[in-house]
Chemist: 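Got a structure here, written out as structure tokens. Questions coming.
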Amino acid sequence: MNREKVQIFDTTLRDGEQVPGCKLDTKQKLVIAERLDGMGVDVIEAGFPVSSPGDFLSVSEISKIVKNATVCGLTRAVKNDIDIAGQALQYAKRPRIHTGIGTSQSHIIHKLNTTPEDIIARAKFAVAHAKTYVEDVEFYAEDAGRTDNAFLARVCEEVIKSGATVLNIPDTTGYCLPHEYGEKIKYLKENVKGIENVTISCHCHNDLGMATANSIAGAMNGARQIECTINGIGERAGNTALEEVVMIFKQHPYLNLYTDIDTKQLNEMSRLVSDSMGMMVQPNKAIVGSNAFAHSSGIHQDGVIKNRETYEIMDPLEVGVNESSIILTARSGRAALAYRAKKVGYELTKVQLDIVYVEFLKYADIKKEVMDDDIHQIIEASNLQDDLVRN
Ligand code: KIV
Ligand code: ZN
């Protein structure tokens, strides 16, 4: 079976930047956009041009420097938003307007105070108007996760007729279960005329911790674009994490799906975004957290020292992390202590290791983590005979 490509649509600079406290200036956005382009991202959502002069400028400047990726600007289904986005994207090699409107009962009644027919009319208008600026128009059905499938299919069919090239099916509130979201994509594939000519996109939020699982379920059911952010940042509990979906396809080749992301750049990219936004990455974050390749319990350490694959499903080098780390704590065993002692220059015999280990446990019970400097002190305090081998 042929492997199929899933396009990676990065919205770190739009949905990600909506997080309070994560505001970036144009210079910072340009640095990130250039790195995203170099990493192999297919689409960069550069901002929401009508939202502020600063965002307009960022989208416009990013459009000038991005070499390979499509540059995308967000709009509501509003004429002025689309006009402004068209202007902001005028220098892009591959411009895309991303326009849309709420389609769930909740959005139609409580947010937009209108009727389903009016939603369809506004959606068609927005896509047709965006087409006057760019060929590539993505339509989002906001809150598609909670939208009735039959109505969603109608909206999708109409916007395809108006010229949409990509259909974004956002689980805006992060409510869907993976099987439901997957079935929604399958339903659209089976019930929307013309859908074979457009790309279906997943845009999943993480309110119940299922953004990545939902995006993968979408791709397994025919979606060929995933919208995501570096470190999974985004509104509320965040968006699908780019590094997670990319590594899932890499680690599960039988899915026959791949991306063009250079995964060796993931760790550095994560740090760049975290440092630029002042938004710390939780240590246990999958792929890019500081503990993602750190082992601290004695049983795991013993296994990893013998063979990394006993407790690691991917090679840290694949994501740009130099090596797995063996953390010394009171839960560590002799294997870990010998390994770390060797790294700082001591080749301990079995007898010496037994002596040093007793001293080590005294330190470890006091300190949360035993560092390289402590190892020297521990060896000294162990009063080993002078046959100690230092390398
Ligand atoms: O979550 C969402 O529905 C969005 C749209 C604006 C695409 O971010
Ligand atoms: Zn979103």
Side-chain angles (χ1 to χ4, degrees), residues 7-20 22 42-52 55 59 70-78 81-82 84-85 88 96-108 110-112 119 122-123 126-127 130 136-148 151-152 155-156 159 164-176 180-181 184-185 188 198-215 218 223 225-242 244-245:
Q7 302 230 354
I8 293 297
F9 175 119
D10 181 277
T11 183
T12 304
L13 299 178
R14 200 280 296 170
D15 223 339
E17 206 235 8
Q18 283 174 213
V19 176
C22 284
D42 299 282
V43 185
I44 297 171
E45 187 160 55
F48 183 9
V50 81
S51 65
S52 72
D55 230 34
V59 175
T70 293
V71 179
C72 177
L74 184 80
T75 82
R76 294 165 296 180
V78 170
D81 283 27
I82 296 165
I84 302 285
R96 177 182 294 177
I97 291 179
H98 187 193
T99 189
I101 193 162
T103 52
S104 66
Q105 282 287 90
S106 166
H107 280 224
I108 297 172
H110 303 301
K111 185 176 146 186
L112 300 158
I119 293 294
R122 289 202 220 175
V127 171
D136 190 5
V137 176
E138 174 167 341
F139 175 80
Y140 64 86
E142 197 179 5
D143 204 13
R146 293 188 299 172
T147 299
D148 166 67
F151 180 63
L152 186 59
V155 177
C156 289
V159 296
T165 47
V166 181
L167 288 181
N168 179 10
I169 310 301
D171 185 21
T172 304
T173 56
Y175 180 70
C176 288
E180 286 170 341
Y181 189 77
K184 193 173 277 290
I185 302 298
L188 295 175
V198 303
T199 303
I200 304 177
S201 185
C202 307
H203 178 114
C204 298
H205 279 267
N206 205 31
D207 300 66
L208 290 171
M210 290 188 293
T212 296
N214 284 343
S215 296
Q225 177 178 282
I226 291 180
E227 306 194 4
C228 44
T229 59
I230 301 293
N231 301 332
I233 57 164
E235 286 273 354
R236 307 180 307 279
N239 288 57
T240 300
L242 181 149
E244 293 174 11
V245 290

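All ligand and atom numbering here is 1-based and tracks the order in the structure. Keep in mind that what you see is a predicted model, and the values were worked out from it rather than measured. All values below were derived from every heavy atom in this structure, side-chain atoms included, with hydrogens, water molecules and symmetry-related copies excluded.
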Chemist: Let me see the working for T212 and E244 under side-chain hydrogen bond (donor to acceptor under 3.5 Å, both in side chains), right down to the final yes or no.
Modeler: CA-CA 7 Å; T212 296; E244 293 174 11; 2.6 Å; yes
Chemist: Do any of the N/O/S atoms of D15, backbone or side chain, fall under 2.8 Å from the Zn ion (ligand 2)?
Modeler: yes
Chemist: Can you tell me if N239 uses its side chain to pair, donor with acceptor, with the backbone of C228 under 3.5 Å?
Modeler: no
Chemist: Quick one: does H107's side chain get under 4.5 Å of T147's, heavy atoms only?
Modeler: no
Chemist: Using a plain distance cutoff, I'd like to know if H205 has any nitrogen or oxygen under 3.5 Å from a nitrogen or oxygen of ligand 1.
Modeler: yes
Chemist: Which is the closest N/O/S atom of H205 when seen from the Zn ion (ligand 2)?
Modeler: NE2
Chemist: For ligand 1, which atoms, with element, lie under 4.0 Å from some heavy atom of E142?
Modeler: 3 (O)
Chemist: Are the side chain of S201 and the backbone N or O of L167 linked by a donor-acceptor pair below 3.5 Å?
Modeler: no
Chemist: Relative to atom 8 (O) of ligand 1, which among E138, R236, R14 owns the nearest non-hydrogen atom?
Modeler: R14
Chemist: Which heavy atom of the protein is the closest neighbour of atom 3 (O) of ligand 1, given with residue, atom name and distance?
Modeler: T172 OG1, 2.6 Å
Chemist: Under the 3.5 angstrom rule, does the side chain of D143 hit a backbone N or O of T172 as a donor-acceptor pair?
Modeler: no
Chemist: Side chain, backbone, both or neither: which applies to N168 and ligand 1 if a contact is any heavy-atom pair less than 4.0 Å apart?
Modeler: side chain
Chemist: Any heavy-atom pair between the side chains of F9 and R96 that's under 4.5 Å?
Modeler: yes
Chemist: With nothing but distance in play, are any N or O atoms of D15 less than 3.5 Å from an N or O of ligand 1?
Modeler: yes
Chemist: Please indicate whether any nitrogen or oxygen in E227 is less than 3.5 Å from any nitrogen or oxygen in ligand 1.
Modeler: no
Chemist: Using a 4.0 Å heavy-atom cut-off, which part of Q18 comes near ligand 1: side chain, backbone, both, or neither?
Modeler: neither
Chemist: Between D81 and V50, is there a donor-acceptor pair closer than 3.5 Å when you use the side chain of the first and the backbone of the second?
Modeler: no
Chemist: Indicate yes or no: at least one non-hydrogen side-chain atom of E138 is less than 4.5 angstrom from one of H203.
Modeler: no
Chemist: Starting from atom 4 (C) of ligand 1, locate the nearest protein heavy atom and write down its residue, its atom name and how far away it is, to 0.1 Å.
Modeler: H203 NE2, 3.5 Å
Chemist: Restricting to N, O or S atoms of H203, which is nearest to the Zn ion (ligand 2)?
Modeler: NE2
